[in-house]
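Naming: A, B, ... by sequence-line order, numbering from 1 per chain.
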2 protein chains.
Amino acid sequence: MATQNPARPRRRGHDPESVLSIAVSVFNERGYDGTSMEDLARALGVTKSAIYYHVPGKEQLLARALDRALDGLFAMVTDPRAAAGPAIDRLEFVVRQSVRILVDRLPYVTLLLRVRGNSATEQAALERRREFDRFIAHLVKQAAAEGSIRADVDPALVTRLLFGAVNSITEWYHPSRGATADDLANTLLTITLDGLRTPTP
Amino acid sequence: MATQNPARPRRRGHDPESVLSIAVSVFNERGYDGTSMEDLARALGVTKSAIYYHVPGKEQLLARALDRALDGLFAMVTDPRAAAGPAIDRLEFVVRQSVRILVDRLPYVTLLLRVRGNSATEQAALERRREFDRFIAHLVKQAAAEGSIRADVDPALVTRLLFGAVNSITEWYHPSRGATADDLANTLLTITLDGLRTPTP
DNA sequence: GTGTTTACCGAACATTCGGTCAGTTGACAA
DNA sequence: TTGTCAACTGACCGAATGTTCGGTAAACAC
C-alpha cells in the first residue's frame, strides 16, 4: 500500500469536480434548459455517456452548483460580524461579503440567480435564496429603524434595488480584466450610501 | 359590405396578440427554453397545433416579444429630452423613462433581459440591447466629464451598477400591489444620486 | 339553403432529449 | 505476461420536442 498519492495527479480524464466546473460554464452560456448533455459532452471532449461515469445526471449537476452558491451566501449570514453592532455597519459588511462571494463563486452564483423553479431542485434553491433575501431585508429595515439610512424611502424597495445592483454583477463582470471584488464593493457602497451627485455650490 | 365592425368583438378564440401575450408570460415563468409548445397550448386552452394557426412558430413568438421591448427602449433614446441639455439631466430622464418602459412592458423587457444568444433571433436582440447600453454608458461618461457626478468612481462601473438596479425591477416588481413606476424611479434616483446615508451630526 | 372562412382538433412527422448498458482501452501492479 | 480497474465508447431506449397536415364544426356571407 501507500504506493498511491492521496492527491494523485489524475493523469488523464475528468473527475466529478472538473465536470461540474465545465458544466456550469456551459449552463451559464446557453442556460440550463438550453444545454443538452450532448453540449456538455462536446465541451468536455468526451461522449455523452462518459459524463454518467462521473455524475448521476444533469439535474444533480445543477443541484451541486446551486449548493455551492448558497453555501457561500449562508456562511456569511452566520458570521458574527453580520449579527452584532449597528445595523448600517452590518449591512455594509454583508454587501461587501456578498460581492466577494459573488466574484469568488461567479459561475455558481450566476446560475443560482437565473433559477426559475422548474423542478424540485430549483424550487429548493429558490426557497433557500428567499431566506437569504429575507435576512437582508431585515437588516435594511433595522438600519432604517436606527435612523442610519434616510427615512423618505421604503426599506423593502431599498433592499430590492441595492441587491439588484449587487446581483447584476453576474451579468457583466469578467474577472480577467477590470476591477477586483473590493473595487466593486467600494464603488457600489459609495454610490448607494453617499450618492453620485457632486454638491452644487 | 360594412356589415362587420372594424373592431369586431372576436366572439371566440385567440388572435396573434393574445397568443403572444400569454406565451410571454409562460416564457417568463419557465424560461423560453424550458417552455414547450405543449405548455403554451395548455395555458391558451387549445391544442398545440392551434397555435400554428395564429403564429408561425415558437421562435417568432420570441422575436416579436423582444422587438416590443427593444422598440420601447429605442423610442426613448431618440427623444429630444435625451439629446439636449446637461448630461446629468438627460441621464435622469433616461433612467426615469427606462423604469417607465420597464414597468409598462414588464413581461417583454423581462424576457429581453434573460436572452443569452442561443439563436440568431436572440443574438440580434442582444446586439440591439448592447447598442442601448452603449448609449447609456456614453451619457454617464458625459455627466462625469461635466463634473455632475463624483470623480472618484469609474463611469463604466457606475453605468453597470445603476442599470443593474434598474433592470433588477423585472426580477421582483409586481404591478398589482406596491409602487408605481414613478415611485420606483424616485426611490432609485434618490438612492443613487443623493445616497442612503443620513448625515451624521 | 349553399359556399366560404375562421379557428381549431387529432394524428403523425422527424429530430432531439436525458439516460442505460455491454463492451473496449490503456495504464498500472504483480 | 497477466490481471485489474478506472475511464471511456458506441449503440441504443423511450419519451418529449417543434412542426405539419388532413379534416371538421361552427359562424358567417349571400
Establish whether the base of D/dT19 is bridged to the side chain of B/Lys58 by a donor-acceptor pair shorter than 3.5 Å.
no
query: Does B/Tyr53 have a side-chain nitrogen or oxygen under 4.0 Å from the phosphate oxygens OP1 or OP2 of C/dC8?
result: no
*asked:* For a quick test of reading the model: is some side-chain N or O of A/His14 closer than 4.0 Å to OP1 or OP2 of D/dC8?
replied: no
In whole angstroms, the gap separating C1' of C/dT15 from NZ of A/Lys48 amounts to 12 Å
Of the listed C/dG10, D/dT19, D/dG10, the closest approach to the B/Ser49 side chain comes from C/dG10
A/Met37 CE to D/dA11 C1', in whole Å, measures 17 Å
- Query: Think A/Ser36 has a side-chain N or O under 4.0 angstrom from the OP1 or OP2 of C/dC17?
  - Reply: yes
Is A/Asp71 paired with A/Arg64 through a side-chain N to carboxylate O contact shorter than 4.0 Å? no
Separation of C/dT16 atom P from B/Glu38 atom CD, nearest Å, is 20 Å
Closest of D/dG18, D/dC8, C/dG18 to the B/Tyr52 side chain is D/dG18
Quiz item: Within the pair A/His54 and D/dA6, is there a side-chain N or O less than 4.0 Å away from OP1 or OP2?
Solution: no
Here the gap from B/Arg129 atom CZ to B/Leu70 atom CG, rounded to the nearest 0.5 Å, amounts to 9.0 Å
Is a donor-acceptor contact shorter than 3.5 angstrom present between the side chain of A/Thr47 and the base of D/dG10? no
Between the side chains of B/Arg130 and B/Asp133, is the shortest nitrogen-to-carboxylate-oxygen separation below 4.0 Å, so that they form an ion pair?
no
When rounded to whole Å, the CG to P distance for the pair A/Asp39 and C/dG19 reads 14 Å
For residues 146-157 of chain A, run the donor-acceptor check on the side chains, cut-off 3.5 Å, and write out each pair with its distance to 0.1 Å, sequence neighbours left out.
from     : atom 1 : to       : atom 2 : distance (Å)
A/Glu146 : OE1    : A/Ala87  : N      : 3.0
A/Arg150 : NE     : A/Asp152 : OD1    : 2.8
A/Arg150 : NH1    : B/Gly195 : O      : 3.1
A/Arg150 : NH2    : A/Asp152 : OD2    : 3.2
A/Asp154 : OD1    : A/Ala156 : N      : 3.3

